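Keep in mind that this is a model prediction, so the values were computed, not measured.
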Amino acid sequence: YRYLDLRRPEMMKNIIARSEITKLVRDYYHEKGFIEIETPNLIKPTPEGARDYLVPSRIFPGNFFALPQSPQLYKQLIMYAGFDRYIQIARCYRDEDLRADRQPEFTQIDMEMSFVTEDDVMDMNEGLIHYLYKKFLGVTLPEKFPRIKYAEAMERFGSDKPDIRFGFELCNLTDLLKDCTFRVFEGAIAAGGSVRAINVKGGASFTRREIDSLGEVAKQYGAKGLAWRKKANGEVTSSYAKFLSDAENAAIDKRMDFSEGDLIVIVADNNKIVFDALGALRRECAARLGLLRPDDFKFLWVVEFPLFEYNEEDGRFYARHHPFTAPMEEDIPLIKTNPGTVRARAYDIVLNGTEIGGGSIRISTPDMQGLMFETLGIGEEEAEAKFGFLLEALKYGIPPH
């Protein structure tokens, strides 16, 4: 109850701020020619990224409506019908585990545009963010936000939603250690994994207990532990140096630009674990060093995500975003031969390590949509049952959107 007490000044302030921001959002999109359209909250269930909340039907016993995870299919149909630009401040419902930045019921700004490219969509939404920050906070943001590809984001930051307020970028040491005899590094490389590291500038101030606690953070992401090396007051201490040759230690120090005050943190495992663990350690170390200033707004776009994700447990591919995302044109021939390498025409916008929005160019031909369903193991009968209304609309010719 205390969280809903409107007598609390901060709660009242937040409600008023939300109202003001909502008006600014509507003003921006209306001035850009968007039409605001509401979509239903009681819908036919379709496969999405999370579980649906279900609402039983009184009139049809044993049948249920689903609450929308997003207006995804409805807004596509709006484009099919001939509307050029759609906007909605939409309620969304997802039955999934709680996270620091997500709850079961939330609101998102939802939009769609016809006859556009990725650049058009990103420019439009960059404009909204510039407009909101200037109007509401009096902050002028950089004219253009950086754009990096998914593969580069993972290589440099170990995350598809990187925080770029600080450095500590990942460095690949695999080639330097491919002939080493240290079992931890050797085993990871032999199994097809990698050995990567970050140099935490100023991290030499961490005590041994604090470094050990970093190892516990790494374990939360599947790592078995971490190796480290630091230089404080001219003295070098290390957990791994005695297992490597002088030449290998020197090569690591040179590549990592190791100097006074530095802490090198190394993780060796399969690439997913290495990226996840080091991506988390970047943020953890930056937080401990006081580098995460809340008034330092660093936006960027991450583009060219994988179109598919392979699930080892059931031996099949799933859509990383949703099954209506278009592939990169040059990657279409790979869908049948090597689906795991196909890139999507998808894009996320990230602020200070949090994904705050995202979208994609949609599939707009029946043949491509059929190929997508085939790759995902969705047969014609299942596709018709779940998406028949959408497939029927596709046959009439629709705009790229």
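- Atom NZ of K23 sits about 8.5 Å away from atom NZ of K135, to the nearest 0.5 Å.
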Exercise for the section: Let me see the working for F182 and F185 under ring-ring contact (aromatic ring centres under 6.0 Å, His included), right down to the final yes or no. Expected result: CA-CA 6 Å; F182 183 29; F185 296 166; 4.7 Å; yes
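- Side-chain contact between V267 and I198: absent, with no pair of heavy atoms (C-beta onward) separated by less than 4.5 Å.
- A donor-acceptor pair is defined here as one N or O able to donate and one able to accept, closer than 3.5 Å; no such pair exists between the side chain of E284 and the backbone of V217.
- With hydrogens and angles disregarded, no donor-acceptor distance shorter than 3.5 Å links the side chain of E384 to the backbone of E381.
- Of the possible polar contacts, one joining the K230 side chain to the F206 backbone as a donor-acceptor pair under 3.5 Å is found.
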Exercise for the section: Please lay out, stage by stage, how S57 and N63 fare under the test side-chain hydrogen bond (donor to acceptor under 3.5 Å, both in side chains). Expected result: CA-CA 6 Å; S57 170; N63 289 278; over 6 Å; no
Handout entry: CA sep, side-chain torsions, deciding dist, call: L281, L214, side chain to side chain contact (heavy atoms under 4.5 Å, CB included)
Key = CA-CA 7 Å; L281 287 171; L214 291 178; 4.0 Å; yes
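- Panel note: side chain D331, backbone R343; a donor-acceptor pair is recorded below 3.5 Å.
- Rounding to the nearest 0.5 angstrom, the gap separating the CZ atom in R229 from the OG1 atom in T237 is 8.5 Å.
- Remark: R183 CZ is loosely packed, at most 12 non-hydrogen atoms of other residues, nucleotides or ligands lying under 6.0 Å away.
- To the nearest 0.5 Å, the span separating OG1 on T181 from CG on L177 amounts to 10.5 Å.
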Problem - Residue pair Q69, D52: steps toward the side-chain hydrogen bond (donor to acceptor under 3.5 Å, both in side chains) verdict - result: CA-CA 7 Å; Q69 296 183 34; D52 289 322; 2.8 Å; yes
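- Residues G359 and D348 come closest through the heavy atom pair N-OD1, 4.3 Å.
- Shown here for I148 and P162, the closest heavy-atom pair between the two residues is CD1-CG, 4.3 Å.
- Under the 30°/60° scheme for interplanar angles, the aromatic rings of F373 and F324 are found to stand perpendicular.
- Considering all non-hydrogen atoms of both residues, P327 and I335 come closest at CG-CD1, 4.0 Å.
- Both cation-pi conditions hold for R316 and Y318: the charged atom is under 6.0 angstrom from the six-membered ring centre and inside a 45 degree cone around its axis.
- Remark: K231 does not engage E235 in a salt bridge, criterion side-chain N to carboxylate O under 4.0 Å.
- Not one N or O on the side chain of N352 forms a donor-acceptor pair closer than 3.5 Å with the backbone of R165.
- Taken to the nearest 0.5 Å, the CD1 atom of I266 stands 10.5 Å off from the CG atom of N199.
- For the pair R282 (side chain) and G167 (backbone), a donor-acceptor distance under 3.5 Å is present.
- In terms of modelled atom types and a separation under 3.5 Å, the side chain of N311 and the main chain of E313 share a donor-acceptor contact.
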Handout entry: Criterion side-chain hydrogen bond (donor to acceptor under 3.5 Å, both in side chains) on R209 and T207, from CA distance to verdict
Key = CA-CA 5 Å; R209 176 176 292 182; T207 65; over 6 Å; no
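- A salt bridge does not link K32 with D27: none of the charged nitrogens is closer than 4.0 Å to a carboxylate oxygen.
- Counting only heavy atoms from C-beta outward, the side chains of R345 and S360 never approach each other to under 4.5 Å.
- Using a 4.5 Å cut-off on side-chain heavy atoms (C-beta onward), L292 and F166 make contact.
- Atom NZ of K336 has 12 or fewer neighbouring heavy atoms from other residues, nucleotides or ligands inside a 6.0 Å radius.
- Of the possible polar contacts, none joining the T325 side chain to the H321 backbone as a donor-acceptor pair under 3.5 Å is found.
- For the atom pair OG (S238) and CG (L244), the distance works out to 8.0 Å, reported to the nearest 0.5 Å.
- The shortest heavy-atom contact between V274 and A268 is CG2-C, 4.0 Å.
- Atom NZ of K298 is surrounded by 12 or fewer heavy atoms from other residues, nucleotides or ligands within 6.0 Å.
- For the atom pair CG of D120 and OG of S114, the computed distance is 11.5 Å after rounding to the nearest 0.5 Å.
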Problem - Chi angles and distances behind the salt bridge (charged side-chain N to carboxylate O under 4.0 Å, His left out) call for R196, D269 - result: CA-CA 9 Å; R196 299 171 194 261; D269 214 304; over 6 Å; no
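- Side-chain atoms of S239 come within 3.5 Å of backbone atoms of W228 as a donor-acceptor pair (strictly under, hydrogens ignored).
- Considering only heavy atoms from C-beta on, K178 stays 4.5 Å or farther from T174 through its side chain.
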Exercise for the section: Just do the side-chain hydrogen bond (donor to acceptor under 3.5 Å, both in side chains) check on Q220 and E216 with the steps written out, would you? Expected result: CA-CA 7 Å; Q220 294 174 20; E216 293 305 309; over 6 Å; no
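- For the side chain to side chain contact (heavy atoms under 4.5 Å, CB included) test with I164, the passing option among V350, L300, D296 is L300; the others fail.
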Handout entry: Derivation of the side chain to side chain contact (heavy atoms under 4.5 Å, CB included) call for R288 and E210
Key = CA-CA 10 Å; R288 294 186 185 189; E210 288 173 320; 3.9 Å; yes
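- The 12-atom threshold is exceeded at CG of D314, counting heavy atoms of other residues, nucleotides or ligands nearer than 6.0 Å.
- The residue from M124, E36, R85 that alone fulfils the side chain to side chain contact (heavy atoms under 4.5 Å, CB included) condition with Y29 is M124.
- Annotation: side chain of S159 is not in contact with side chain of F275 (no heavy-atom distance under 4.5 Å).
- More than 12 heavy atoms of other residues, nucleotides or ligands shown are found within 6.0 angstrom of NZ on K75.
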Exercise for the section: For the pair Y86 and I35, evaluate side chain to side chain contact (heavy atoms under 4.5 Å, CB included) and give the outcome as yes or no after the intermediate values. Expected result: CA-CA 5 Å; Y86 142 94; I35 296 175; over 6 Å; no
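- Residue M154 comes nearest to D160 through the heavy atom pair SD-N, 3.5 Å, listed as atom of the first residue, atom of the second, then distance.
- A donor-acceptor pair under 3.5 Å links the side-chain atoms of E260 to the main chain of N233, judged by distance alone.
- Around atom OH of Y53, more than 12 heavy atoms belonging to other residues, nucleotides or ligands sit under 6.0 Å away.
- Side-chain contact between I129 and L132 is absent, with no heavy atoms from C-beta onward closer than 4.5 Å.
- Using a 4.5 Å cut-off on side-chain heavy atoms (C-beta onward), V116 and H401 make no contact.
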Practice task
Under the side chain to side chain contact (heavy atoms under 4.5 Å, CB included) rule, what do Q88 and I37 come out as? Steps first, then yes or no, please.
Solution key: CA-CA 6 Å; Q88 179 180 196; I37 304 174; over 6 Å; no
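- Residues E304 and Y150 come closest through the heavy atom pair O-CB, 3.5 Å.
- Taking the six-membered ring where the residue is Trp, W301 and Y347 present perpendicular rings, their angle passing 60° and hence far from 30°.
- Counting only heavy atoms from C-beta outward, the side chains of R320 and F308 never approach each other to under 4.5 Å.
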